[in-house]
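A short write-up of the structure that comes next.
Whatever order the structure lists ligands and atoms in, that order sets their numbers, starting from 1. Side chains are part of it too, since the values below use all heavy atoms of this structure and drop only hydrogens, waters and symmetry mates.
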Amino acid sequence: MTINRDGHIHSPFCPHGSSDSFHNYIESCIKNGIKTITFTEHAPLPEGFTDPVPDKDSAMPLAQLDRYLRELNDLQSEYNNDISIIKGLEVDFIEGFEKNTEQFMNTYGPELEDCILSSHFIKINSEYICIDFSPEHFDRFVRLSGSPQKASELYYRTVLRSTRAPLGTYAPKRIGHMTLIRKFHRNYEYDFLDQNAIQAILMEVQSRGLELDANGAGTTKEKCLEPYPHPSVIQSAVQMGIPLVYGSDAHASSGLLAGSNDISALTGKQLRQ
Ligand SMILES: [Zn+2]
Ligand SMILES: [Zn+2]
């Protein structure tokens with residue numbers, strides 16, 4: 001089965017991505033037979049939250065958001081006959097900033113058509129760590145947690161909270177890369193697959209009518225080499241009838257289609273097209 005939809009693509013507005021243009025991404029998708037795409041740039045971080053990565057480049061600055069949305073409007077018209085372009089954002093769930101995120105969604109939600117809610121910044125003690133930034137940042141997260149198992153518990157607890165967060169009428173409907181904690185798992189003995197916690201998240205996703213981002217980016221990361229969520233979690237989600245949307249999470253046009261064969265084999269007809 002081929003992939004017809006990619007629901008997780010970054011853009012030239014990503015400060016840590018490539019400078020590939022919207023046209024680069026779109027033309028490449030058309031060439032590969034993809035019919036529907038969502039650009040999900042990292043939403044501006046909430047006011048008062050300090051980006052914990054060294055270059056403070058995790059997300060698009062708020063000052064650029066209007067231009068991002070305007071350019072997408074223009075592209076929708078330009079490519080009207082060739083491909084369906086959906087306006088979205090990858091919104092961060094940040095524990096303690098739920099109110100700000102709700103306000104942000106209330107303001108911009110009416111203009112957005114398809115958003116992802118992702119947990120990259122995990123609160124530990126009184127700081128936040130961007131767990132997917134580097135093996136070193138992740139290792140610090142593990143050490144501060146006390147053990148890989150504790151780190152795993154904390155991560156999944158945060159993802160569970162994200163599914164329950166009251167983010168208002170325009171709350172994102174899709175949970176991003178649910179097992180992102182496995183990005184560097186090959187550096188550890190521990191498997192970072194806390195079955196009970198994963199099951200609790202899947203049940204919450206199911207009962208709230210949310211979707212899962214079936215994200216192929218991990219297949220290209222040398223310490224991961226698998227999609228997010230982990231194949232066993234994708235299988236559980238399929239059995240539970242949870243809608244899955246393929247996402248390349250491409251930060252350059254060369255990253256499109258990442259892991260798409262694995263994911264279409266795992267999901268079959270359950271993949272939303
Ligand atoms: Zn990114
Ligand atoms: Zn992400």
Side-chain angles (χ1 to χ4, degrees), residues 6-22 24-25 37-46 49 51-62 64-65 68 88-95 97 101 104 112 114-123 128-135 137-138 141 155-156 158-159 161-163 165 167 172-185 192 201 205 210-221 223-224 226-230 233 244-256 258-259 263:
D6 186 340
H8 190 156
I9 306 179
H10 290 274
S11 76
F13 285 83
C14 181
H16 59 262
S18 69
S19 56
D20 284 2
S21 68
F22 276 124
N24 290 150
Y25 287 97
I37 55 176
T38 308
F39 283 103
T40 50
E41 196 45 79
H42 294 284
L45 296 171
F49 178 76
D51 188 348
V53 312
D55 292 336
K56 314 235 174 294
D57 61 353
S58 295
M60 163 171 46
L62 185 59
Q64 290 184 11
L65 182 55
Y68 169 77
L89 289 171
E90 182 178 13
V91 177
D92 269 287
F93 172 72
I94 306 176
E95 208 183 319
F97 287 83
T101 307
F104 175 84
L112 297 164
D114 182 31
C115 290
I116 295 176
L117 187 64
S118 294
S119 297
H120 306 101
F121 305 108
I122 307 297
K123 188 175 188 194
Y128 295 86
I129 297 184
C130 183
I131 60 152
D132 63 322
F133 180 74
S134 71
H137 281 238
F138 183 75
F141 172 62
Y155 170 77
Y156 287 115
T158 305
V159 176
R161 279 196 184 152
S162 78
T163 65
L167 302 180
K173 297 267 177 304
R174 186 151 74 253
I175 300 300
H177 41 59
M178 191 189 133
T179 58
L180 183 65
I181 191 162
R182 284 178 56 85
K183 183 171 181 180
F184 305 112
H185 79 273
F192 298 99
I201 295 167
V205 166
L210 300 172
E211 305 171 335
L212 286 181
D213 169 41
N215 188 307
T219 62
T220 67
K221 311 287 188 224
K223 298 298 180 187
C224 188
E226 66 187 36
Y228 316 116
H230 179 268
V233 181
L244 293 135
V245 178
Y246 168 71
S248 64
D249 205 348
H251 285 68
S253 59
S254 60
L256 292 163
I263 286 170

- Is the distance between the ring centroids of Y128 and F49 under 6.0 Å? yes

- Task: State which residues pass salt bridge (Lys or Arg N to Asp or Glu O under 4.0 Å) with D114; sequence neighbours excluded, sorted by chain then number.
- Result: R5, R174

- Name all residues meeting the ring-ring contact (aromatic ring centres under 6.0 Å, His included) criterion together with Y156; count only those two or more places apart in sequence or in a different chain, and write none if there are none. none

- Item | Atoms of protein origin (N, O or S) under 2.8 Å from the Zn ion (ligand 1) | H16 NE2, H42 NE2, H251 NE2

- Item | H120 backbone or side-chain N/O/S under 2.8 Å from the Zn ion (ligand 2) | yes

- Task: Taking atom types as modelled, find out whether H42 and D92 have a side-chain donor-acceptor pair closer than 3.5 angstrom.
- Result: no

- Item | Under the side chain to side chain contact (heavy atoms under 4.5 Å, CB included) test, residues paired with T220 that sit two or more places apart | A258

- Query: Judged by modelled atom types alone, do D213 and H8 share a side-chain donor-acceptor pair under 3.5 Å?
  - Reply: yes

